[in-house]
Amino acid sequence: MAGVLVRSLDALRKTGGYFLRMTKYPIIISESDALHSIRAIRHIDQEFVHEGNRVTRIHTAWKLKHGPIMIHEYTSYNQPSSTICFFDTIDDYIEVFKDIDWIMRAPLITN
């Protein structure tokens, strides 16, 4: 198993650091996973002004065909601005993001 670093602007503010989660490798992404926002189990995007700068942030989560949860998060205020990470289960994903209000406002589609 290898560690996956999960960064979120809000998570960093709340914890002052990083979450470290474990996931099993290799991660298999198949063509049928169709990674676009209409197939996501959660997708939220926002624009707001922070310290006089316009910030765009996007969080998208997909449940891959072979089981893991794949997250893409983009925050224009962060450097690097984009992160991709993986979780073994939906429960692992929920546990990491449960206190991040702007993400949890979006519905989680688990059907």
Side-chain angles (χ1 to χ4, degrees):
M1 294 175 68
V4 175
L5 202 55
V6 180
R7 280 190 345 145
S8 168
L9 178 62
D10 294 314
L12 290 173
R13 269 196 217 119
K14 288 183 179 190
T15 65
Y18 297 90
F19 292 106
L20 183 61
R21 287 289 187 217
M22 304 305 274
T23 192
K24 296 177 187 124
Y25 284 91
I27 298 295
I28 299 168
I29 302 172
S30 68
E31 268 187 59
S32 64
D33 284 317
L35 301 176
H36 40 82
S37 62
I38 63 171
R39 299 262 317 191
I41 60 172
R42 176 174 278 150
H43 176 78
I44 187 167
D45 57 86
Q46 295 182 332
E47 284 194 346
F48 60 97
V49 176
H50 178 71
E51 297 178 355
N53 297 306
R54 180 171 295 280
V55 176
T56 300
R57 61 185 178 188
I58 302 168
H59 176 94
T60 307
W62 297 272
K63 183 165 183 2
L64 301 179
K65 180 179 176 181
H66 297 285
I69 306 300
M70 178 180 164
I71 309 301
H72 175 257
E73 191 168 289
Y74 170 82
T75 304
S76 59
Y77 190 75
N78 285 354
Q79 291 301 322
S81 59
S82 191
T83 302
I84 295 176
C85 60
F86 299 89
F87 296 91
D88 285 331
T89 68
I90 194 77
D91 293 333
D92 292 342
Y93 164 73
I94 291 169
E95 178 64 26
V96 168
F97 291 99
K98 70 181 178 188
D99 295 325
I100 312 300
D101 294 336
W102 76 273
I103 293 173
M104 296 309 288
R105 276 185 244 142
L108 182 63
I109 302 163
T110 59
N111 54 0

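All residue numbers refer to positions in the sequence shown, counting from 1. Remember, predicted model here, so these are calculated numbers, not experimental data.
Using a 4.5 Å cut-off on side-chain heavy atoms (C-beta onward), Leu108 and Ile94 make contact. Looking only at side-chain heavy atoms (C-beta outward), Met70 and Ile84 come within less than 4.5 Å of each other. Looking at Lys63 and Phe87, their side chains never come closer than 4.5 Å, going by heavy atoms from C-beta outward. Taking the side chain as every heavy atom from C-beta outward, Gln46 and Ile44 approach each other to under 4.5 Å. Contact of the Phe86 side chain with the Ile71 side chain is not registered, since no non-hydrogen atoms from C-beta on lie closer than 4.5 Å. Using a 4.5 Å heavy-atom cutoff, the side chains of Arg54 and Phe48 are not in contact. Thr75 places a side-chain heavy atom less than 4.5 Å from the side chain of Val55.
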Practice task
Kindly indicate, with the supporting measurements, whether the criterion side-chain contact (heavy atoms from CB on, under 4.5 Å) is fulfilled by Ile69 and Trp62.
Solution key: CA-CA 6 Å; Ile69 306 300; Trp62 297 272; over 6 Å; no

Exercise for the section: Go through Arg42 and Met104 one step at a time and tell me if the side-chain contact (heavy atoms from CB on, under 4.5 Å) criterion holds. Expected result: CA-CA 9 Å; Arg42 176 174 278 150; Met104 296 309 288; 3.5 Å; yes

Practice task
Output, in order, the C-alpha distance, side-chain angles, deciding distance and verdict of side-chain hydrogen bond (donor to acceptor under 3.5 Å, both in side chains) for Thr83 and Glu73.
Solution key: CA-CA 5 Å; Thr83 302; Glu73 191 168 289; over 6 Å; no

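To the nearest 0.5 Å, the span separating OG1 on Thr60 from CG on Asp45 amounts to 8.0 Å. Put simply, NE2 on His43 and NE2 on His59 are 10.0 Å apart, with the number rounded to the nearest 0.5 Å. Rounding to the nearest 0.5 Å gives a distance of 10.0 Å between CD of Glu95 and OG1 of Thr89.
Of all heavy-atom pairs spanning Ser81 and Ser76, the tightest one is CB-CA, 4.4 Å.
In this structure, Arg57 forms a cation-pi arrangement with Trp102, its terminal cationic atom sitting closer than 6.0 Å to the ring centre and no more than 45° off the ring axis.
Under the 4.5 Å side-chain heavy-atom criterion for grouping Ile, Leu, Val, Met, Phe, Trp and Tyr, Ile41 is not connected to Ile58 through any hydrophobic cluster.
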